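Here is how names work: the chains are called A, B, and so on, in the same order as the sequence lines, proteins then strands, and each is numbered from 1. It should be emphasised that the depicted structure is a prediction, and the values quoted were computed from it without experimental measurement.
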Protein chains: 4
Amino acid sequence: MPKETFFILDDEKQEKVMRAAINEFSAHGFEKANIGLIAKNAAVAKGSIYQYFENKKELFLFSVKWSTDYLMKKYDIYSSYKNATTDVFDYLYSSSKDAWLQMREERELVIFIQDVFLGKYKNLTDESVSVMLKYANEYIIGLIRDGKKKGHIRQDIDDRMLSLFVTGASTKIKEYLMIKAREAGDDIVDGDFEVYDKDIKAMIELLKNGMGAK
Amino acid sequence: MPKETFFILDDEKQEKVMRAAINEFSAHGFEKANIGLIAKNAAVAKGSIYQYFENKKELFLFSVKWSTDYLMKKYDIYSSYKNATTDVFDYLYSSSKDAWLQMREERELVIFIQDVFLGKYKNLTDESVSVMLKYANEYIIGLIRDGKKKGHIRQDIDDRMLSLFVTGASTKIKEYLMIKAREAGDDIVDGDFEVYDKDIKAMIELLKNGMGAK
Amino acid sequence: MPKETFFILDDEKQEKVMRAAINEFSAHGFEKANIGLIAKNAAVAKGSIYQYFENKKELFLFSVKWSTDYLMKKYDIYSSYKNATTDVFDYLYSSSKDAWLQMREERELVIFIQDVFLGKYKNLTDESVSVMLKYANEYIIGLIRDGKKKGHIRQDIDDRMLSLFVTGASTKIKEYLMIKAREAGDDIVDGDFEVYDKDIKAMIELLKNGMGAK
Amino acid sequence: MPKETFFILDDEKQEKVMRAAINEFSAHGFEKANIGLIAKNAAVAKGSIYQYFENKKELFLFSVKWSTDYLMKKYDIYSSYKNATTDVFDYLYSSSKDAWLQMREERELVIFIQDVFLGKYKNLTDESVSVMLKYANEYIIGLIRDGKKKGHIRQDIDDRMLSLFVTGASTKIKEYLMIKAREAGDDIVDGDFEVYDKDIKAMIELLKNGMGAK
DNA sequence: GATGAATGAGCCTTCATTCAT
DNA sequence: TATGAATGAAGGCTCATTCAT
């Protein structure tokens, strides 16, 4: 965690520092990321970085936390999931939409987090990432159990396999959206999501057919 | 590509060099990988590495190619697929089995390639990886089209979505096997695959239900 | 010399600052001594240190002066010598006793000053130390001349050599006491001096024999 | 100890490196000593220093050893003492002469070693120095015991006190010679020792009187 | 061609000092 | 005057690459 001094900064400055860091880590990876450049891009003295963070590693780790928290807060992910999704298929649909939105507005952060999850910084994040993945997974498993209870989901296949099935498809559909968004570059607009809507629904249809109760 | 001098080495030496490199890159990532250590572990002079490769990057890139080629050749992947697999589901089954086998015998290489594909070395491999993914994908698409023609696969969803659906599930099931194999460590034995056989079949069942023609 | 601001502080605060400084210099040497830590241990802001002292060097130099003055005042060294010691041998005896006492009560300061004199901070203190040594030496020379006049000390050897002879033995006997005291740690008690009393007297006997008039 | 690579260098280069290091440590102390400057003055790349030594500390520690060994070898100290000195007073005389000679020809090294022994680098050398001092002291004690046995030295004072007495005087007379030599600067000549010869003899006379048997 | 010592650019980190509050 | 955050120079160390043998 950053030192007290970091939190004394006004929010704008904090954000500037974090975005400079994330930007640099994304561009050059952890080892090659240059603290001097981060400082310069945040319009802060190099030494100041060390008043905020113990060292490069702490800065990196907090970059991960900050991005996640930032997106969480911005898209109010917790509440939206907690309230809106009643079954796995809804979840898949709305989280796809979220991914799209985030990608549109916070490409930098989203790509950074994606990279973290995909293992680009493996040696640094192994533990914390696996913790987060576990949480995400448990959420899905919960939805699946609920679905089985309610009779929407077939009983003959065990939860673990079903969750792999869902997350596999889910990952892919998000990847697909991400790629589309990356390709579109800065020109993505709100409406673009509609274009892919039928694709997402097709994927969900496949899942429903695959795992739905007859 | 390596310089002429590398190919003059006898095969055993070549392999020793490549395995030392892969080992080091796997352990410490590209930036922190130490050419001196690679040389030492390959029982070769540090300078010799530069007689074989232009620089560290070339050594890395060739490590990727070498591992892929090595596994391809060892497991005769092309031919086995070309001949044996007649539909997507067979493909999924046999490639899962392959993955398992490779993991058992060549853990080091497999993990390295996995990491490459999962983006650990993103900045370096982006292009070459996307090329390889494209090939793999085209192969799947081919199988899907074939399945549609033969009437095994539903016609109402487009090829791209179907391929995402298959590769999503496929990726997950392989991940699942990999994790099991990593956990088992050096103690994996041939028979262990049987334990997971029904899981794989369950996953394929899900896929079939999802995308199979009614 | 410190700035005016330092002397405005109440004595207790002044002492706290100086002891913190001495403590830090003793522990880490001049270069590695950390102004931030000194401030923290003195319960004063880092910036305040710079309100009291021009820079680190001045703080150090004043630490030397302060310790010396402090011990001088506390043990009233000047007057006690001026009054009580009538010859070199008395001086040696009483200054040994002083050294012992000081070591018992102000280990920290005494060790610091010792280190200064022994050259640990040579580059910084060369001049001031040599000034102090010169004073001490002149005092001894005075005693020697007095002794010669009164007929206690042999005439055939020049003052300079005699003073080297005395201070050599004196230094050693004090070193000896210091080491004993350091070894005893916090447990030195008043009485302990008696244990070494006969050693000191033996040393003085040697000196007397060596330089005493026949 | 240095790495193998250091000993591969020809003797001239080794000496150049060591003298550059000693020079720098003497001038600026351990912390402020600048590896870059040492390298430059030794006409060697900065990185090369790290091929020879693990780090700055090892370089320093070897500087101490190297200087000591160098002087030992050059002045054949071991054998000259072992053979020539038959009693403490001879020892004192010849070691004074040695000190003078060394000071004349190797001012730099001698001052460096002096500083080491006097505690300028206390934190670094404490242990190794105390070992060396112990050896030196045991040698003196041996001479004293021998003198007592042969009847040259009084029996009524214990060995430890006598050794303090001798080393005190010895230290001072050497200091005296050193100071003279430092003052004379580069202009010391062989003959200069004669000037101080009678001083040394006076000091020895004092010692003899002090501790000699009646 | 093989070797491994030499090279020096590059970067994280420390911390004395300054400065705005 | 007190504070403590901001600053940036400085330096130890690493290591990819070069080069002399």
Next on the checklist: Can you measure B:F53 atom CZ to E:dA2 atom C1' for me and round it to whole angstrom units?
Outcome noted: 16 Å
Checklist entry - Are any of the side-chain heavy atoms of D:S26 and D:N23 separated by less than 4.5 Å? => result no
Checklist entry - Does any pair with a residue in residues 28-42 of chain C pass side-chain hydrogen bond (donor to acceptor under 3.5 Å, both in side chains), and if so which ones, sequence neighbours excluded? => result C:E24-C:H28
Next on the checklist: Any residue in residues 14-25 of chain A with a heavy atom nearer than 4.0 angstrom to DNA chain E? Just list them by number, or reply none.
Outcome noted: none
Checklist entry - So what does A:L9 touch, heavy atoms closer than 4.0 Å: a base, only the sugar-phosphate, or nothing? => result sugar-phosphate
Checklist entry - For the residue pair A:T68 and A:V64, what are the closest heavy atoms and their distance? => result OG1-O, 2.6 Å
Next on the checklist: Under 4.0 Å from a heavy atom of chain C: give me the 5'-most and 3'-most nucleotides of DNA chain F that qualify.
Outcome noted: F:dT1 to F:dA6
Just list the side-chain donor-acceptor pairs under 3.5 Å for residues 10-22 of chain C, sequence neighbours left out, or say none.
unit_1 : atom_1 : unit_2 : atom_2 : d
C:D10  : OD1    : C:E12  : N      : 3.3
C:D10  : OD1    : C:K13  : N      : 3.2
C:K13  : NZ     : C:A43  : O      : 3.3
C:Q14  : NE2    : C:F6   : O      : 3.3
C:Q14  : NE2    : C:F7   : O      : 3.3
C:Q14  : NE2    : C:L9   : O      : 3.0
C:E15  : OE2    : C:R19  : NE     : 2.9
C:E15  : OE2    : C:R19  : NH2    : 3.2
C:R19  : NH1    : C:E106 : OE1    : 3.0
C:R19  : NH2    : C:Y70  : OH     : 3.1
C:R19  : NH2    : C:E106 : OE1    : 3.3
C:R19  : NH2    : C:E106 : OE2    : 3.2

Quiz: residues 108-116 of chain B side-chain donor-acceptor pairs under 3.5 angstrom, not counting sequence neighbours:
unit_1 : atom_1 : unit_2 : atom_2 : d
B:D115 : OD1    : A:K122 : NZ     : 2.5

Checklist entry - Rounded to the nearest 0.5 Å, what separation is found between the CH2 atom of A:W66 and the CG atom of A:L59? => result 12.0 Å
Item to check | Sugar-phosphate, base or nothing in reach of D:Y52, heavy atoms under 4.0 Å | outcome: sugar-phosphate
Checklist entry - Do D:M1 and D:F62 come within less than 4.5 Å of each other through their side chains, counting heavy atoms only? => result yes
Checklist outcome for this item: Given Watson-Crick and G-U pairs under 3.5 Å, DNA chain E in dot-bracket ([ ] crossing, | other strand) is .||||||||||||||||||||
Item to check | Distance, rounded to the nearest Å, where B:K3 contributes NZ and E:dA2 contributes C1' | outcome: 13 Å
Quick one: which protein N/O atoms are closer than 3.5 Å to N/O atoms of nucleotides 11-15 of chain E? Pair and distance per line, please.
unit_1 : atom_1 : unit_2 : atom_2 : d
E:dC12 : OP1    : A:A33  : O      : 2.6
E:dC12 : OP1    : A:K56  : NZ     : 3.0
E:dC12 : OP2    : A:I35  : N      : 3.2
E:dT13 : OP2    : A:Y50  : OH     : 2.9
E:dT13 : OP2    : A:K56  : N      : 3.1
E:dT13 : O4     : A:K46  : NZ     : 3.2

Item to check | Trace of the side-chain contact (heavy atoms from CB on, under 4.5 Å) decision for A:T125 with A:F117 | outcome: CA-CA 9 Å; A:T125 49; A:F117 275 77; over 6 Å; no
Checklist entry - Quick one: side-chain hydrogen bond (donor to acceptor under 3.5 Å, both in side chains) pairs with a partner in residues 43-64 of chain B, sequence neighbours left out? => result none
Item to check | Pairing residues for A:D69 by the salt bridge (charged side-chain N to carboxylate O under 4.0 Å, His left out) criterion, not counting sequence neighbours | outcome: A:K65
Item to check | Spacing of A:I35 atom CD1 and A:I38 atom CD1 [to the nearest 0.5 Å] | outcome: 4.5 Å
Checklist entry - Are A:F30 and A:Y121 close enough that their ring centers fall under 6.0 Å? => result no
